[in-house]
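Take a look at the structure set out below.
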Amino acid sequence: TPYDYIVVGSGPGGLVTADRLSEAGKKVLLLERGGPSTWETGGRYGPEWTNGKNLTKFDVPGLFESMFSDGNPFWWCKDVNVFAGCLMGGGTSINGALYWISPYSDFAPTTGWPVSWGNHAPYTAKMKARLPSTDAPSTDGKRYLMQSFDVAAALLKGQGYTQRTINDEPDSKDHSYGYSAYNFQGGMRAGPVATYFRTAKARKNFTYKQYVYVQNVVRNGPAITGVKTNDTSLGPNGIIPLTAKGRVVLSAGAFGSPRILFRSGIGPTDMINVVKNNAEAAPNLPPQAQWINLPVGYNVSDNPSINLVFTHPSIDAYDNWAPIWTNPRSADASQYLKNRSGVFAQGSPRLNFWRAYSGSDGKTRWMQGTVRPGAASVTTSYPYNASQIFTITVYLSTGITSRGRIGIDAAMTARPLIGPWFTDPIDKAVLIQGINDLISNIKSVSGLTLITPDNKTTITNYVNNYDPGSLNSNHWVGSNTIGVAGKAVVDENAKVFNTNNLFVVDASIIPQMPMSNPHGMIMSMAEQAVTKILALSGGP
Ligand code: 6FA
Ligand code: ABL
């Protein structure tokens with residue numbers, strides 16, 4: 001059957017888009033390559049201690065850190081060589097669920113957004129109405145495991161920071177800190193899956209199909225006629241057609257959407273030639289005369305992030321989150337099962353902070369930090385007490401000038417071709433300054449010790465020698481950037497240049513790093529994009 005709109009990918013971009021299109025009465029098909037996540041969506045993967053409670057790994061916030069230590073991590077995309085979620089909800093089903101309301105700068109024309117995007121407020125308001133944030137996710141309203149908050153707050157106060165309810169004052173991002181805010185509801189992961197997807201799937205004009213991999217769009221020059229999938233039960237050769245005026249929206253993520261474009265003959269010639277040399281993909285490419293040359297994969301950014309590990313005698317490192325899957329602290333597990341309260345009602349972060357810096361090029365860049373008990377790794381010459389460790393991850397966000405490139409290799413694996421971190425040395429200099437400031441008053445907090453790096457390593461050397469792969473913060477944007485013809489991949493209506501009816505709505509169209517962990521900003525962006533798409537003439 002033909003559809004008015006085919007949306008590819010069920011991450012935050014795709015779910016908001018598919019819900020709003022179906023709300024407008026369009027006949028919508030949502031395709032997702034992965035399977036279910038939360039219990040509500042049919043997921044059944046949970047630890048033994050939640051047996052019989054209708055909970056999965058993707059429902060229980062406190063299981064977040066086990067995403068990285070599980071022996072069977074089926075949720076990661078196997079053909080993307082950085083972390084990416086391939087299941088219902090995309091990244092929002094496996095991420096840290098930090099959820100931030102955008103400041104003005106997230107959509108400001110000075111950061112690359114078309115002027116028509118400048119007022120994000122009505123769209124962010126629509127998102128908040130569907131999904132409010134909480135910085136006290138335990139259902140009893142109490143906060144748990146707050147030692148790392150208290151220690152970090154003491155450090156930051158000494159540097160002139162002010163505590164705020166972050167999402168009540170989204171534009172106050174200089175010398176600001178507060179409790180970590182989340183997309184949780186009722187002590188469980190919520191995000192777009194428990195909100196937008198829930199309303200979409202109740203509509204008769206909405207169809208959802210999982211485990212369907214979209215290889216490319218089918219097109220005749222600029223006119224898209226359908227999508228080609230790996231599922232031949234859905235149509236001849238796995239092709240699903242559009243209605244006469246139908247449209248395709250790619251929401252397959254910052255790596256997934258570029259790959260579909262390359263395989264559809266859209267992008268830089270070198271990438272389309274990689275497809276042409278792949279025996280399976282080549283036959284589906286349009287003839288070379290129909291290739292559309294666009295800068296797909298360029299202009300990519302991701303926050304460079306550096307972990308600092310500390311100890312303090314007050315800290316409960318929560319066994320570094322190691323036993324949370326097989327052998328959790330029993331009082332905490334039963335408290336959670338009883339009424340969704342306690343430590344397990346929250347992810348690992350406890351405090352977030354922001355500070356503005358001006359670089360030697362006169363540009364403003366923001367530093368962001370996340371504080372959590374435990375540490376991913378410790379490198380130190382000091383003796384230390386492992387039950388007292390906590391991490392401050394320091395990110396550089398809005399204002400960064402470094403850019404990288406992503407693409408595909410011969411096996412069609414999507415990967416960074418040029419890392420987007422510190423290609424401009426001024427970004428690195430600002431982050432080094434930020435870290436030095438952060439630890440400048442460490443002696444004023446009694447008992448606080450920086451163990452990674454230790455005192456044999458300067459901050460400058462620590463940053464210079466940091467494993468480039470570890471700078472990845474999983475916040476990739478920009479690979480199908482929005483903007484003007486000749487420089488961008490999509491126009492101000494999120495339509496791919498030189499096509500009639502192909503759109504992209506996901507992290508890939510965002511022209512520059514937002515202020516904070518991005519999924520809230522992505523949902524607001526999708527609210528605005530889908531409004532523009534529905535208003536654009538010529539559609540179904
Ligand atoms: N963002 C936040 O705001 N807060 C966080 O705490 C946070 N933490 C993390 C985190 O801990 C990890 C490990 C990762 C990987 C990301 C984190 N992020 C966080 C970032 C955030 O999750 C992403 O920025 C956000 O999910 C991106 O949203 P998009 O809509 O752009 O894309 P997704 O990757 O979420 O979804 C794409 C979907 O398309 C997936 O479900 C995928 O399976 C599907 N797909 C891809 N290719 C496809 C194809 N060819 N056919 C069909 N489906 C396809
Ligand atoms: C995010 O936005 C980041 O993308 C994640 O990297 C981060 O989680 C979460 N939010 C929470 O702050 C970290 C984990 O806490 C680490 O244990 C893990 O090693 C790291 O992600 C991997 O990138």
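Just so you know, ligand 1 is whichever comes first in the structure, and atom 1 is the first atom listed for that ligand. Any value given below was found using the heavy atoms of this structure, including those in side chains, with hydrogens, waters and symmetry copies removed.
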Which heavy atom of the protein is the closest neighbour of [atom], given with residue, atom name and distance?
atom                    : result
atom 28 (O) of ligand 1 : Pro12 CG, 3.1 Å
atom 22 (C) of ligand 2 : Phe68 CE2, 3.7 Å
atom 30 (O) of ligand 1 : Gly13 N, 3.0 Å
atom 13 (C) of ligand 1 : Phe68 CZ, 3.7 Å
atom 41 (O) of ligand 1 : Glu32 OE1, 2.6 Å
atom 48 (C) of ligand 1 : Arg33 CD, 3.6 Å
atom 8 (O) of ligand 2  : Phe64 CZ, 3.4 Å
atom 20 (C) of ligand 1 : Asn474 O, 3.5 Å
atom 39 (O) of ligand 1 : Gly9 CA, 3.2 Å
atom 40 (C) of ligand 1 : Gly85 O, 3.4 Å

Can the ring centres of [X] and [Y] be said to be less than 6.0 Å apart?
X      : Y      : result
Tyr208 : Phe197 : yes
Tyr182 : Tyr99  : no
Phe68  : Phe83  : yes

Working to the nearest 0.5 angstrom, can you tell me the gap between [X] [atom1] and [Y] [atom2]?
X      : Y      : atom1 : atom2 : answer
Asn81  : Ile408 : CG    : CD1   : 13.0 Å
Ile392 : Asn307 : CD1   : CG    : 10.5 Å
Asp4   : Ser22  : CG    : OG    : 11.5 Å

State the atoms of ligand 2, each with its element, that fall below the 4.0 Å cut-off from a heavy-atom position in [X].
X      : result
Leu98  : 12 (O)
Asn517 : 1 (C), 2 (O), 10 (N)
Asn474 : 4 (O), 5 (C), 6 (O), 23 (O)
Pro349 : 11 (C), 12 (O)
Thr370 : 12 (O)

Which ligand 1 atoms, with their elements, are less than 4.0 angstrom from a heavy-atom of [X]?
X      : answer
Phe64  : 11 (O)
Ala507 : 31 (O)
Gly90  : 35 (O), 36 (O), 40 (C), 41 (O)
Phe83  : 15 (C)
Pro518 : 1 (N), 2 (C), 3 (O), 24 (O)
Leu98  : 2 (C), 3 (O), 4 (N), 5 (C), 6 (O)

Below 4.0 Å from any atom of ligand 1, is there a heavy atom belonging to [X]?
X      : result
Trp100 : no
Val212 : yes
Trp476 : no
Val477 : no

Side chain, backbone, both or neither: which part of Asn95 has a heavy atom under 4.0 Å from ligand 2?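 It is neither; nothing of Asn95 touches ligand 2.
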Structural part of Ser305 in contact with ligand 2, heavy atom criterion under 4.0 angstrom: neither
For [atom], which candidate among [options] holds the nearest heavy atom?
atom                    : options                       : value
atom 22 (O) of ligand 1 : Val214, Asn95, Thr370, Ile509 : Asn95
atom 2 (O) of ligand 2  : Arg372, His475, Met67         : His475
atom 34 (O) of ligand 1 : Ala254, Ser37, Gly253         : Gly253
atom 37 (C) of ligand 1 : Gly256, Ser251, Ala526        : Ser251
atom 19 (O) of ligand 2 : Ser348, Ala97, Ser377, Ala376 : Ala376
atom 35 (O) of ligand 1 : Ser473, Gly91, Ser348         : Gly91

So which bit of [X] gets within less than 4.0 Å of ligand 1, heavy atoms only: side chain, backbone, both or neither?
X      : result
Tyr182 : neither
Pro349 : neither
Val8   : side chain

State whether the shortest distance between N or O atoms of Asn472 and N or O atoms of ligand 2 falls below 3.5 angstrom.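 Between Asn472 and ligand 2 (N or O atoms, distance only) the closest approach is not under 3.5 Å.
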Has ligand 2 got any nitrogen or oxygen that is less than 3.5 angstrom from a nitrogen or oxygen of Ser473? yes
Determine the interplanar angle of the Tyr177 and Phe149 rings, folded into 0 to 90°, and report it as parallel if under 30°, tilted if 30 to 60°, perpendicular if over 60°.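 The rings of Tyr177 and Phe149 sit tilted, inter-plane angle from 30° to 60°.
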In terms of relative ring orientation, are Phe107 and Trp117 parallel, tilted or perpendicular, with 30° and 60° separating the classes? parallel
For Gln388 and Thr311, does a side-chain donor sit closer than 3.5 Å to a side-chain acceptor?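 No.
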Purely on distance, is any nitrogen or oxygen of Gly96 under 3.5 Å from one on ligand 1? yes
Does the cation-pi check pass for [X] over [Y], that is, NZ or CZ under 6.0 Å from the six-membered ring centre and within 45° of its axis?
X      : Y      : answer
Lys57  : Trp325 : yes
Arg130 : Tyr196 : yes
Arg143 : Tyr179 : yes
Arg44  : Trp39  : yes

